[in-house]
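Written out below as structure tokens is the structure these notes cover.
Numbers restart at 1 for each chain; the letters A, B, ... are given by sequence-line order, proteins then strands.
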Number of protein chains: 2
Amino acid sequence: MLQERLLETAIDHFGRFGFEGASTRHIAQASGTAMSSITYHFGGKQGLYLAAADHIAKCLSERHKPALEGLGRDATADAAITAEQATERLLFMLDTLADTMLHPDSESWARFIVREQQEPTEAFERLYRGAMHMLLEGTLRLMALVRPDMTERELRAQAALFLGMTLVMRTARASVTRVLGVETISPDEAALLHAQLRKSALSILKGPSA
Amino acid sequence: MLQERLLETAIDHFGRFGFEGASTRHIAQASGTAMSSITYHFGGKQGLYLAAADHIAKCLSERHKPALEGLGRDATADAAITAEQATERLLFMLDTLADTMLHPDSESWARFIVREQQEPTEAFERLYRGAMHMLLEGTLRLMALVRPDMTERELRAQAALFLGMTLVMRTARASVTRVLGVETISPDEAALLHAQLRKSALSILKGPSA
DNA sequence: GTCTATACTACGATAGAC
DNA sequence: GTCTATCGTAGTATAGAC
């Protein structure tokens with residue numbers, strides 16, 4: 001499908017070269033079509049950019065659906081979850097997120113998203129509403145069940161730090177490979193990062209061992 | 001000084017628009033000079049880009065000098081540090097790094113660096129050698145003193161996660177402000193993030209409370 | 001729907017005046 | 001050292017053929 005092909009090429013090019021640096025000519029050529037197809041299907045460069053953001057949001061939310069299943073539909077359902085269950089679900093969600101960050105697919109998404117994080121445009125709004133919001137609020141709900149002693153503010157700050165521990169595997173990939181002393185992240189290193197993330201999250205969730 | 005002005009404008013523009021998207025014309029104009037000054041002083045667009053990376057590395061390493069003082073000069077000096085002292089120094093280093101991430105100066109640096117992390121070029125090499133290497137290896141040295149039970153591999157993975165918890169304040173700023181429910185990070189939110197980072201780091205360093 | 005052809009603007013590099 | 005002027009290339013958008 002031509003539109004799909006254009007979208008995926010667009011995500012790659014916009015992520016690599018930025019909005020201004022990317023060229024509709026190159027995107028069209030790499031998708032095996034003429035530049036004017038972009039005008040026809042997406043209305044222009046800007047339209048293609050926003051459509052690319054929507055596409056990423058859809059892929060991301062698809063990927064994390066299992067980890068969010070049945071969460072936040074209503075307060076009574078959430079209240080039935082025990083602290084132990086919430087902890088296990090939280091670890092599963094972090095695992096899923098880490099999987100995404102270590103998965104090759106996320107490379108082009110990340111380049112796109114990271115740019116939007118630094119200099120948010122309307123595309124970030126679409127990414128947030130389309131995928132991130134669900135993920136963050138789900139995490140918060142679970143954290144509140146595990147740590148009823150923490151204030152809402154503390155929970156939100158901690159959620160940001162949890163996010164950082166997983167995002168770093170993608171957003172600072174070059175530094176992570178250096179500190180691990182490897183060229184690329186092999187399944188071995190992926191397992192190591194997963195395990196260390198799990199241990200750290202558990203330590204944090206259990207709180208300071210007075 | 002013209003060169004300094006050009007460098008700072010260059011960091012801002014390259015960070016915002018990427019290497020291809022940035023325009024030497026605009027950089028020169030915003031610095032109040034002619035485009036050919038860039039050719040004269042830096043040899044061209046590429047030369048300016050690399051000089052910008054060096055400039056960031058210098059600023060970064062200057063900023064974290066106090067936290068790294070007297071570390072890693074020789075093994076005997078490090079061995080004299082107790083676990084408690086090492087913990088305190090590690091927390092101080094994380095605090096300093098978080099300060100940098102929350103400081104306005106790091107906004108333009110971050111845009112530049114984050115691009116290089118995704119798609120490393122020679123500029124990343126300069127950033128790493130000029131600043132990041134020192135910081136990461138110093139962190140590792142201290143972590144090894146606090147947790148002699150952890151393997152080298154585990155320590156390195158954990159260092160990456162620590163890095164993530166601080167970097168997120170800058171690299172995913174747009175998401176962090178959303179999850180905190182604020183427009184910008186005020187001193188209040190900065191203090192909250194600092195405190196939560198400290199608590200989390202301590203929990204991780206103490207290990208699972210069996 | 002998809003292509004080619006074209007209009008217009010902006011890019012980086014460089015030569016030469018001062 | 002810093003400027004203006006110019007060259008060749010490449011960008012987006014658009015009109016019109018098929």
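Every residue was checked against the side chain to side chain contact (heavy atoms under 4.5 Å, CB included) condition with A:T184, not counting sequence neighbours, and none meets it. For B:F42, there are no ring-ring contact (aromatic ring centres under 6.0 Å, His included) partners at least two apart in sequence or on another chain. With sequence neighbours left out, B:S200 forms a side-chain hydrogen bond (donor to acceptor under 3.5 Å, both in side chains) with A:Q158. In this structure, the salt bridge (Lys or Arg N to Asp or Glu O under 4.0 Å) partners of A:E119, at least two apart in sequence or on a different chain, are B:R16, B:R111. With sequence neighbours excluded, no residue forms a side-chain hydrogen bond (donor to acceptor under 3.5 Å, both in side chains) with B:T139.
For the pair A:I27 CD1 and D:dG11 C1', the computed distance is 12 Å after rounding to whole Å. B:F42 has its CZ atom 17 Å from the P atom of C:dT14, to the nearest Å. When rounded to the nearest whole Å, the span between OH of B:Y49 and P of C:dA13 equals 15 Å. The interatomic distance linking B:I38 (CD1) with C:dT14 (P) rounds to 14 Å, in whole Å. To the nearest angstrom, P of C:dG12 lies 13 Å from CD of A:E20.
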Are there any protein N/O atoms within less than 3.5 Å of an N/O atom in nucleotides 2-5 of chain C, and if so, which ones and at what distance?
unit_1	atom_1	unit_2	atom_2	d
C:dT2	OP2	A:H41	NE2	2.5
C:dC3	OP2	A:T33	OG1	2.3
C:dC3	OP2	A:A34	N	2.8
C:dC3	OP2	A:S37	OG	3.3
C:dC3	N4	A:S36	OG	3.0
C:dT4	O4	A:S36	OG	3.2

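Using a 4.0 Å heavy-atom distance criterion, A:A28 is classed as making no nucleic acid contact.
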